[in-house]
Amino acid sequence: MMLSLEGVTKTYRVGAFGTATLTAVDDVSLDLVPGEVVSLIGESGSGKTTLGRTVLGLLTPTRGRITLDGAPARPGKAYYRHVQGVFQDPFSCYNPVFKADRVIKMIKDEYFPGVAASEWEGRIEKSLKDVGLDPGQVLGRYPHQLSGGQLQRLLIARALLLDLRYLVADEITSMLDASTRIDVLNLLADLKSRGLGVLFVTHDLSLGNYISERAVVLYRGQVVESGPTAAVFGNPLHPYTIKLLSSVPRLTARWDGGDPAVPAVEVSAGPSTLVEEEPGHLVRRSGTTLTRSVS
Amino acid sequence: MTLRVDDLRVHYRTLRGEVKALDGVSFGVGDGEILGLAGESGCGKTTLGKSLIRMDGRMRLAGGTVSLDGAELPIGDDRRMNPFRFKRVSLIPQYSMSAMNPTRRIGRMITELLASRGESVDTAELERRLDLVELPRDILGRYPIELSGGMKQRMVMVISTLLDPSLLIADEITSALDVSTQKAVARTLVEFRDRGFVRSMIFITHDISLTYQIADTIMVMYAGRLAEKAPASVIVSEPRHPYTRMLISSLPEVGVRHAERRLSGIPGRPPALLDPPQGCRFRDRCPLAFDRCAEDPPPIEVAPGHHVACWKA
Ligand SMILES: Nc1ncnc2c1ncn2[C@@H]1O[C@H](COP(=O)(O)OP(=O)(O)OP(=O)(O)O)[C@@H](O)[C@H]1O
Ligand code: SF4
Ligand SMILES: [Mg+2]
């Protein structure tokens with residue numbers, strides 16, 4: 001079962017009378033396959049969240065299409081059985097007056113009304129254990145009584161109750177401390193090895209590098225570089241990717257005195273295309289120029 | 001030594017009792033030093049920063065002393081602190097970007113701020129500093145809302161150091177910024193120190209990789225106490241406190257192939273500070289804990305400038 005994005009574009013009308021348009025996502029194509037994490041990397045305003053929400057059917061693309069197993073994705077029960085999202089602020093996904101068990105019961109009411117209560121309990125127990133939570137410890141609690149990491153895992157557990165194939169994870173660790181963040185990342189890695197496909201949306205390059213097989217770098221709504229994570233991070237070719245990577249603080253090296261000679265990011269409005277520079281490694285080049293040698 | 005803090009205790013008054021947010025913290029910041037203050041959410045970083053400039057109504061100084069440039073800093077006395085604020089100690093608060101008054105043009109805001117301290121604007125100097133941080137001079141005629149995140153942050157930095165304070169406290173000022181802007185802002189802080197706009201600095205962040213880039217010394221706090229303090233490179237490459245070690249080894253990095261190597265986090269959570277447990281606060285998460293840890297480990301100097309509060313260090 002493959003989740004495909006073909007030429008997905010999302011524009012918004014802006015300005016006083018909706019006279020101008022803003023292209024938040026510009027002609028993005030990408031495939032998600034089972035058992036693979038794709039990180040969608042971009043800074044604020046790059047369109048990564050818009051794209052994630054489009055995949056979840058929360059926004060309708062202006063152009064292009066999203067298909068699951070060849071069939072057009074339509075938001076609705078059939079689609080959400082297989083494709084779910086988890087977001088940055090786990091507290092906002094919860095009604096604070098509902099305890100965790102109630103939040104989970106809503107899944108049963110909606111998707112599995114016919115399942116017997118005893119069997120349902122078994123399923124809950126299993127999915128909580130799959131995300132490393134102790135059912136007795138979390139079920140009777142209100143959201144504010146859980147830590148950020150516990151809540152994030154609870155939301156993933158809830159998604160797992162469905163016949164989940166793909167998870168869109170949008171900045172899910174950015175509210176967590178370093179000491180708990182890695183557990184949530186490792187949980188995604190476990191689920192991946194059991195066949196889940198994950199679209200991991202993040203602004204944090206080190207997390208993308210840790211978790212994903214493939215990386216897609218977005219800049220102003222466009223894919224500027226994509227490919228195997230090792231290629232994108234180890235041999236970045238687009239000036240924007242190079243600039244991002246040189247800005248990431250590392251424990252292995254201090255920023256040196258001067259900035260490396262980073263080529264200016266081209267902001268050419270003209271036509272540009274994605275060029276395959278190495279097998280599977282695509283880089284955006286403006287129409288007229290450049291086939292830079294791979295160093 | 002610019003700043004000396006001894007056995008500082010600051011509590012929050014709540015209906016359920018006093019939250020012991022700072023429970024006996026001692027350290028110094030040398031002249032020209034940038035001290036990076038790191039630790040998990042809730043360990044007391046913001047409380048420490050605020051204590052050195054303005055306690056809010058729910059905070060109470062429960063003990064300890066602070067000196068600035070060799071003289072007492074009367075942190076427990078709101079009125080006596082007034083002559084120090086902004087002139088001698090300046091704070092860029094967490095979420096300061098949204099804290100700028102939106103209804104005032106920036107130039108006017110600066111004039112009013114300085115007037116309230118009995119000072120007037122040295123326009124030439126202000127413009128020189130705007131040039132330095134690459135902000136256009138006409139920014140003074142704009143409203144805060146017209147600025148991007150990075151511009152706002154640089155503007156706040158210029159404003160809060162206009163009177164060349166001895167100490168600047170910067171609380172998570174880069175956390176909401178994109179990486180490239182974050183780098184520019186962090187480097188500007190170093191430049192401010194190098195040019196003497198501030199003598200010394202406390203740079204608060206939960207991001208150790210970032211603080212390592214600009215700090216001379218890093219202090220790691222845990223649950224209202226000091227866990228470890230050492231030169232930045234020592235904290236990163238030879239940490240001695242189990243908490244620091246586990247924290248450092250839980251950080252994914254670019255430039256590292258993680259495929260074969262899983263990192264691990266720290267199980268559990270820090271203790272509640274309403275009624276903190278006796279002994280080492282890290283005890284119930286610490287793999288090295290032993291009987292002795294039921295007693296408080298005092299910070300000891302294991303090497304020059306390297307302080308660790310752990311019985312095993
Ligand atoms: N107004 C308050 N009333 C009661 N407790 C408070 C209050 N403000 C903070 N605390 C508590 O004091 C402790 C220290 O909080 P502080 O904000 O200093 O942490 P921090 O290290 O700055 O965290 P973060 O990284 O999340 O900014 C925490 O346990 C917190 O819950
Ligand atoms: S004092 Fe004991 S419990 Fe605390 S960090 Fe050291 S070994 Fe661990
Ligand atoms: Mg804080």
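These figures come from a predicted structure and were not determined experimentally. Naming convention: chains lettered A, B, ... in sequence-line order (proteins, then strands); numbering from 1 in each chain.
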- More than 12 heavy atoms from other groups under 6.0 Å of CZ on Arg58(B): no

- Item | Side-chain heavy atoms of Arg254(A) within contact of Ser233(B), under 4.5 Å | no

- Provide the closest heavy-atom pair for Trp255(A) versus Leu210(B) in the form atom of the first, atom of the second, distance. CH2-CD1, 3.6 Å

- Query: Looking only at heavy atoms, which two atoms of Ser206(A) and Pro252(B) are closest? And how far apart?
  - Reply: CB-O, 3.5 Å

- Message: Taking Ser264(B)'s backbone N and O only, do any of them form a donor-acceptor pair with Asn186(A)'s side chain (distance below 3.5 Å, no angle check)?
- Response: no

- Note on the structure: The single option from Leu245(A), Asp204(A), Thr252(A), Leu207(A) that satisfies side-chain contact (heavy atoms from CB on, under 4.5 Å) with Val254(B) is Leu245(A)

- Item | Contacting region of Ser237(B) [heavy-atom separation from chain A under 4.5 Å] | neither

- Quick one: does Asp190(A)'s side chain get under 4.5 Å of Arg262(B)'s, heavy atoms only? yes

- Task: Output, in order, the C-alpha distance, side-chain angles, deciding distance and verdict of side chain to side chain contact (heavy atoms under 4.5 Å, CB included) for Val179(B) and Glu43(A).
- Result: CA-CA 8 Å; Val179(B) 286; Glu43(A) 300 198 289; 3.5 Å; yes

- Item | Part of Asp183(A) within contact of chain B (heavy atom distance under 4.5 Å) | side chain

- For Asp31(A), does the CG atom have more than 12 heavy-atom neighbours from other residues, nucleotides or ligands under 6.0 Å away? yes

- Item | Most chain B-contacting option - heavy-atom pairs closer than 4.5 Å, from Gly234(A), Gly208(A), Ala253(A) | Ala253(A)

- Task: Side chain from CB out, backbone as N, CA, C, O: work out which of these in Glu213(A) comes under 4.5 Å of a heavy atom of chain B, or both, or neither.
- Result: neither

- Message: For a quick test of reading the model, state the closest non-hydrogen atom pair linking Ala178(A) to Ser250(B) and the distance between them.
- Response: O-OG, 3.6 Å

- Query: Between atom CZ of Arg269(B) and atom OG1 of Thr180(A), what is the distance when rounded to the nearest 0.5 Å?
  - Reply: 9.5 Å

- Message: Contact between Val236(B) and Arg250(A) at the side-chain level, heavy atoms closer than 4.5 Å - yes or no?
- Response: no

- Minimum heavy-atom distance between Leu251(A) and Tyr212(B), given as atom pair plus value: O-CE2, 3.6 Å

- When only heavy atoms count and the cut-off is under 4.5 Å, which of residues 215-223 of chain B reach chain A? Ala215(B)

- Note on the structure: Distance col, row Leu176(A):CG vs Glu40(B):CD, nearest 0.5 angstrom, shows 11.0 Å

- Note on the structure: Note: Pro249(A) and Asp207(B) closest approach over all heavy atoms is CG-OD2, 4.4 Å

- Query: Between NE2 of His206(B) and OG of Ser179(A), what distance do you get to the nearest 0.5 Å?
  - Reply: 11.5 Å

